[in-house]
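First up is the structure itself, then whatever we jot down about it.
Values reported hereafter were calculated over all heavy atoms of this structure, with side chains retained and with hydrogens, waters and symmetry mates removed.
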Amino acid sequence: MLLNTIRRYWATVCGGVAITGFVIMSILWLGSASVGELVEAEMRARGANFTRLLLGSQGQVDAFLTGIARDPDAEATIRKVASLADIESFAIFSRQGEEVFRSRSDRYEWLLRDRPGGIRSGDRLSPALLERPGEWQVVHDEGRANSSVVAPLIRGDTTIGYVSVVADMGESRAAYAGTLGRTSALVAFVLCLATGVPFLLYLRRKWKISEADERIQFLANHDALTHLLNRRRMQEETDRVMATARATRERVAYLYIDLDELSEINNSLGQGCGDELLRTVATRLAAAVDDGDLVARIGADDFAVLHRRCSDAAAIASFARRLTDTVCEPVQLGGQTVLPRISIGCALAPQDGRIHSEIVKHAEIAHLHHKPDKGRSLVFFDPSMDDEMARRRQIEALVREAVEKDSFELFYQPIVNGDGSKLLGFEALIRLGDAQGGYISPTLFVPIAETRGYIKAIGSWVIKEAARQIALWPEPLFVSVNLSAVQFRDGDLVEIVQSTLQEAGIPGRRLEIEVVESLLLERSEDVLEQLGQLKALGISIDMDDFGTGYSSLSYLWRFPFDKLKIDQSFMVALTNGEPNVPQILETIVAMAHTMQMKVTTEGIETEAQVDLMKRLGCDQLQGYLFGKPMPAERVASEILTRFRMGEPEDARPARSAKAS
């Protein structure tokens, strides 16, 4: 961390070091200069004191100047005082600057030192010194142990001579240097503390700001959950790569990847497990792509890969298989093993688009074709898909408008007793009108409604509208509605149905609810509990399309269904002469009756089918032979007037052609 900080702020650190070095060097220079000034000041004081001693009554300076001493011990006294003052030697000069007395020789070590009467070395003072007026001192200090000072000897207003003093300043110099050194160190420490702490705080604050800025930049360009590129950054990078590819003629593949059934995982295992799955898928995708490829999360459960340097379609398909094999490895989530599943659509640049918006649109269209067809590793975009997508968007707009304006319609197909003589009720079937006055098949708009999250609102509307309508028709007619798995997820289905019965003013026995076997395979305990609560309201619970799904008999004894509806595919097989169909039908009817369930057979279109099911003991029949699905107003004018409650039918309508 420290090394990273130094690398990041090396210029600031170097500047701080340079400033600190400059301050320390300045302190050292000032300390050294101060020591010199202190030594010079002390030398001036020693020179002044020695001068006053010589000029005093006991100094007998005249004895040194003339060589005639009135007191024979005067020289010894002066020498003793000089020694006590750490004066190494002194010299007396005449008014003309000629040396007349020197206590010892500093220049010639071999000469006899400290000889009584002194010596003369022949030195002279410079004319510049002799020309100086008044009192003055000249200090000579080379920074070594000994320093010297020269001063005039003035009696009254007359200069009678000059004195030069050489003193040993080693100890003083060392004392000054030590004191100033400690003081300088303390000052440097205080200065460093006063500047260093704020400097470190400044660096820390700058590092925090830089870290926050990097975090902001990261979040601006990456998905917070998966740390992949986000949609905006992916768009910028894709446009950049595609602009370069146009110049270099590089072939680029854009793969739109959808994680299937994420919402189901969120509902069953919780949002945390869903997020963990997204992180796992993101990590696996990032590890599986080639160097130079881009990976992004562009939606709640959508990812994108920009695969570069593509050779041909076979290589891209192989790359997609590698992604699928890597991503779809089992994952442990919430104590359960989950097998991720993905759908991949691919668009190629430049043929399928030259900018991001075009290529991602076409890749998404291709991915929608891959979702129902997992036999291939991916689906490549084809221009014909664009027309289909436009039709899908048109249907989606109609579904959205119908949800907002309650403009769906319910058609009703009659359900009669086992011999076709008595009307028992209707199955409510939803219809969506198109702009041309026709109707869009539920097989087209229901999957779109499920994808866009409209199916619960649609299902609730169907329940309320069917209950409202059956309340207008005579008892004991019932209406049967189909429920989607989505309607069970939020746990409020029982409340919706109960309030609907109260608003319509009908008992529960006039409403039947149909569920398919596949619904019970997911969250079966929760679904069975809600079905039990609906059954307690008096509602008949029917298993729809029996025999076409998993046909797990365990659900028939785990939950007491009221009715089985035999799928119309059995009637088609019977008409086509496939073997053993009557025996299978007989087994289903006998099993249902043994378990106290009624049986309804769908797809009845011929009298022969009526006769067979009557002979097998089927309880209810439904099919075009008794009436096609029709609006409520036609039911009142055709079906209710044709069937008389409790009376046999005199004439059935001619067999109608199958609806597409």
Side-chain angles (χ1 to χ4, degrees), residues 223 228-260 281-282 285-286 288-327 341-397 444 447-448 451-452:
D223 174 60
L228 298 178
L229 297 179
N230 58 20
R231 178 187 290 273
R232 182 191 63 82
R233 187 61 178 173
M234 185 64 169
Q235 177 179 348
E236 294 174 354
E237 290 298 315
T238 300
D239 282 334
R240 180 185 61 80
V241 170
M242 293 179 68
T244 304
R246 285 195 294 270
T248 60
R249 300 185 181 276
E250 178 186 3
R251 197 179 188 191
V252 178
Y254 190 97
L255 281 70
Y256 190 102
I257 303 171
D258 176 69
L259 179 60
D260 299 335
V281 170
L285 282 175
V289 299
D290 296 337
D291 293 339
D293 291 350
L294 301 177
V295 187
R297 183 188 179 204
I298 59 175
D301 54 0
D302 300 324
F303 298 86
V305 173
L306 188 68
H307 183 49
R308 306 183 64 179
R309 295 178 291 277
C310 306
S311 56
D312 52 28
I316 299 173
S318 176
F319 174 72
R321 281 193 298 272
R322 188 174 78 199
L323 293 182
T324 302
D325 293 341
T326 302
V327 171
R341 292 288 179 266
I342 58 175
S343 304
I344 305 178
C346 180
L348 302 177
Q351 59 263 43
D352 296 332
R354 293 181 174 272
I355 58 176
H356 173 268
S357 58
E358 293 178 352
I359 197 168
V360 71
K361 167 189 166 185
H362 293 157
E364 184 176 6
I365 292 173
H367 126 268
L368 292 175
H369 285 75
H370 189 222
K371 289 185 75 70
D373 180 16
K374 295 298 177 63
R376 294 177 285 176
S377 56
L378 81 166
V379 171
F380 288 95
F381 172 76
D382 186 88
S384 62
M385 297 177 181
D386 215 356
D387 297 334
E388 184 177 341
M389 191 63 185
R391 175 60 174 164
R392 179 184 175 89
R393 287 194 292 268
Q394 181 183 10
I395 294 175
E396 181 181 337
L444 294 178
I448 295 176
T451 302
R452 296 305 178 188

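Inspection of the Q235 and R232 side chains reveals no N or O donor paired with an N or O acceptor under 3.5 Å. H356 and D239 share no donor-acceptor pair across their side chains, judged by distance under 3.5 Å alone.
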Between V252 and H307, is a side-chain contact (heavy atoms from CB on, under 4.5 Å) present by the stated rule, with each step listed? CA-CA 6 Å; V252 178; H307 183 49; over 6 Å; no

Test log, rule side-chain contact (heavy atoms from CB on, under 4.5 Å), inputs L294 and V289: CA-CA 8 Å; L294 301 177; V289 299; over 6 Å; no

Could you check V241 against R308 for side-chain contact (heavy atoms from CB on, under 4.5 Å), going step by step and ending with a plain yes or no? CA-CA 9 Å; V241 170; R308 306 183 64 179; 3.6 Å; yes

Check step by step if side-chain contact (heavy atoms from CB on, under 4.5 Å) holds for D258 and D301. CA-CA 6 Å; D258 176 69; D301 54 0; 3.5 Å; yes

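F303 places a side-chain heavy atom less than 4.5 Å from the side chain of V281. Proximity of I344 to T324: side-chain heavy atoms (C-beta onward) are separated by under 4.5 Å at one or more points. Side chains of V305 and Y254 form no contact here, defined as non-hydrogen atoms less than 4.5 Å apart. Considering only heavy atoms from C-beta on, I316 comes within 4.5 Å of L378 through its side chain. Within the 4.5 Å cutoff, the side chain of V379 has no heavy atoms near those of the C346 side chain. Here the side chains of I359 and Y256 are not in contact, with every heavy-atom distance at 4.5 Å or above. Residues D302 and I257 are not in side-chain contact: their nearest non-hydrogen atoms beyond the backbone lie 4.5 Å or more apart. Contact check for E364 versus V360: no side-chain heavy atoms found under the 4.5 Å cut-off.
Using a cutoff of 4.0 Å between basic side-chain nitrogens and carboxylate oxygens, R341 and D260 are not scored as salt-bridged. Under 4.0 Å is where a charged nitrogen must lie from a carboxylate oxygen, and between D290 and R322 at least one such pair does.
Atom CZ of R251 is surrounded by more than 12 heavy atoms from other residues, nucleotides or ligands within 6.0 Å.
Nearest heavy atoms, D312 versus A315: OD1-N, 2.8 Å. Across all their heavy atoms, A349 and M242 have their closest contact at CB-CE, 3.7 Å. Minimum interatomic distance between R321 and S377 (heavy atoms only, all atoms of both residues): CG-CB, 3.2 Å.
A distance of 6.5 Å separates CG in L228 from CG in D223, rounded to the nearest 0.5 Å. Here the straight-line distance linking atom CG of D293 with atom CG of L285 works out to 11.0 Å at 0.5 Å rounding.
In this structure, H369 contributes its side chain and I365 its backbone to a donor-acceptor pair below 3.5 Å. A donor-acceptor pair under 3.5 Å is absent between the side-chain atoms of E396 and the main chain of R392, judged by distance alone.
Residues that satisfy the side chain to side chain contact (heavy atoms under 4.5 Å, CB included) test with R309, not counting sequence neighbours, are E250. Here R233 pairs with N221, L229, N230, E236, E237 under the side chain to side chain contact (heavy atoms under 4.5 Å, CB included) rule; sequence neighbours left out.
Relative ring orientation between F381 and H362 is described as parallel, the plane-to-plane angle staying below 30° on a 0-90° scale split at 30° and 60°.
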